[in-house]
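Everything quoted here is computed from the prediction, not taken from an experiment. Residue numbers begin at 1 in each chain, while the letters A, B, ... track the order of the sequences.
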There are 2 protein chains.
Amino acid sequence: MGVTKTFGFSDEINDMAIVFKALGHPARMAIVEYLVKQKECVCGDIVNELPLAQATISQHLRELKTAGIIKGTIEGTSVCYCLNLDLLKHIENKLNLWSLDLTNEENKCC
Amino acid sequence: MGVTKTFGFSDEINDMAIVFKALGHPARMAIVEYLVKQKECVCGDIVNELPLAQATISQHLRELKTAGIIKGTIEGTSVCYCLNLDLLKHIENKLNLWSLDLTNEENKCC
DNA sequence: TTTATATATTGCAATATTACGATTAATAAT
DNA sequence: ATTATTAATCGTAATATTGCAATATATAAA
């Protein structure tokens, strides 16, 4: 094993898990935070910002992109990255629904 | 390697990464969704709900608990679990701040 | 064309994660 | 006391992830 089972779960659950998984790493969180502040950046900016090798950061950027969290546009010899606001709003919404569902309900056991 | 570097990132970033990482698995997402709907449950309920062995689910519950996402209370021979609303609100808040920061800003490149 | 610059990809070695059967622990029921 | 019942833990095999040096690729500058 070591394989994550996805059979038996709804597509929505599997998709959400992919997004959260991509966010679940300090380097990738740091990249997102950086993009929130800077709105956009090239890979090299992040290499200068984080204590990781260029190859490692390139890999993390690819994972964020695959998960749909960031978008990248080629600009000459660099690549400009920015956040996918739609996706962020989507998970923000999801969390909102969770809270709404939970507030106004007394938990009996915890 | 295979080790996640946490040195060089802020505590807040590392903490958020821990929470998102815990959410980044279909089984754990399914557990959270179930708890949103049911408000509370015992381990056995989830074992009946998900296509995974009891040992596996117990493990996932522990990870969610370690990350602070759920709380558990012993009730006789079972354990009653429920969501930690405070933590959920906290990350909801964080995502809200991200969106606020990003809206009203035109991205130049993507 | 050659050289510099920026990013992606490849190929590892080390470590982490996942899933599950088997076992244990701890309470409840008989 | 014995036996269910419930959940946690252990051990382990298979697979995934992480980080980086080295290399490749692709555009820009000289």
Side-chain angles (χ1 to χ4, degrees), chain A residues 1-9 13-14 17-18 20-31 34-35 40-67 70-82 109-110, chain B residues 1-9 13-14 17-18 20-31 34-35 40-67 70-82 109-110:
Chain A
M1 292 99 201
V3 188
T4 295
K5 268 200 183 181
T6 55
F7 182 76
F9 301 102
I13 289 219
N14 283 318
I18 287 171
F20 283 132
K21 185 177 180 187
L23 292 174
H25 187 286
R28 295 193 291 266
M29 273 297 302
I31 291 171
Y34 185 75
L35 277 172
E40 65 176 36
C41 70
V42 295
C43 172
D45 296 337
I46 299 170
V47 174
N48 291 328
E49 194 74 9
L50 303 188
L52 291 170
Q54 181 268 324
T56 308
I57 289 182
S58 186
Q59 229 173 231
H60 284 308
L61 284 169
R62 181 172 48 187
E63 285 181 65
L64 286 170
K65 203 171 160 192
T66 300
I70 62 174
K71 293 185 271 189
T73 321
I74 296 170
E75 271 194 355
T77 167
S78 13
V79 177
C80 182
Y81 286 104
C82 65
C109 67
C110 318
Chain B
M1 290 96 201
V3 188
T4 295
K5 267 200 181 181
T6 56
F7 182 77
F9 302 102
I13 290 222
N14 282 319
I18 287 171
F20 283 131
K21 184 177 180 185
L23 292 174
H25 187 286
R28 295 194 291 268
M29 272 297 302
I31 292 171
Y34 185 76
L35 277 171
E40 65 176 37
C41 69
V42 296
C43 174
D45 295 337
I46 300 171
V47 173
N48 291 329
E49 195 75 8
L50 303 189
L52 291 169
Q54 181 268 322
T56 307
I57 289 182
S58 187
Q59 228 173 231
H60 284 309
L61 284 169
R62 182 174 46 189
E63 284 179 66
L64 286 170
K65 203 170 160 192
T66 300
I70 63 174
K71 294 186 271 189
T73 321
I74 297 170
E75 270 195 355
T77 167
S78 16
V79 177
C80 182
Y81 287 104
C82 65
C109 67
C110 319

Is it the case that the side chain of [X] and the backbone of [Y] share a donor-acceptor pair, with hydrogens and angles ignored and the cut-off at 3.5 Å?
X: B:Lys5; Y: A:Pro51; result: yes
X: A:Ser58; Y: A:Gln54; result: no
X: A:Arg28; Y: A:Leu23; result: no
X: A:Asn48; Y: A:Asp45; result: no

(Q) Are the side chains of B:Cys43 and B:Val79 in contact, using a 4.5 Å heavy-atom criterion? (A)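 They are not in contact (no side-chain heavy atoms under 4.5 Å apart), so the answer is no.
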Q: Side-chain contact test, heavy atoms from C-beta onward, threshold under 4.5 Å: evaluate it for B:Leu61 versus B:Ile31 and give yes or no.
A: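 Yes. Closest side-chain heavy atoms under 4.5 Å.
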**Q.** Contact state string [nucleotides 13-19 of chain C, B base, S sugar-phosphate only, - no protein heavy atom under 4.0 Å]
**A.** BBBSBBB
Q: Between protein and nucleotides 23-30 of chain D, map the contacts as a letter string: B base, S sugar-phosphate only, - none, heavy atoms under 4.0 Å, written 5' to 3'.
A: ----SS--
Within less than 4.0 Å of OP1 or OP2 of [N], is there a side-chain N or O belonging to [X]?
X: B:Tyr81; N: D:dT6; result: no
X: B:Ser78; N: D:dT6; result: no
X: B:Arg62; N: D:dA8; result: no

Just to verify, what does [X] make a side chain to side chain contact (heavy atoms under 4.5 Å, CB included) with, not counting sequence neighbours?
X: A:Thr56; value: A:Leu52, A:Ala53, A:His60
X: B:Val3; value: none
X: A:Ala30; value: A:Leu50, B:Phe9, B:Ile13

Q) Separation of B:Ile57 atom CD1 from D:dT6 atom P, in whole Å? A)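 Between P of D:dT6 and CD1 of B:Ile57: 14 Å.
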**Q.** Gap between atoms NZ and P, on B:Lys65 and D:dA7 respectively (whole Å)
**A.**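 Distance check: B:Lys65 NZ to D:dA7 P gives 12 Å.
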(Q) Among residues 42-50 of chain B, which ones have heavy-atom contacts with DNA chain D below 4.0 Å? (A)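 Of all residues in residues 42-50 of chain B, the ones placing a heavy atom under 4.0 Å from DNA chain D are B:Val42, B:Cys43, B:Gly44.
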Q. Out of curiosity, B:Leu35 CG to B:Ile46 CD1, how far, rounded to the nearest 0.5 Å?
A.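 Going from the CG atom of B:Leu35 to the CD1 atom of B:Ile46 covers 5.5 Å.
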Q. How long is the span from the OG1 atom in B:Thr73 to the CD atom in B:Glu40, to the nearest 0.5 Å?
A.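 Reported to 0.5 Å precision, the distance equals 9.0 Å.
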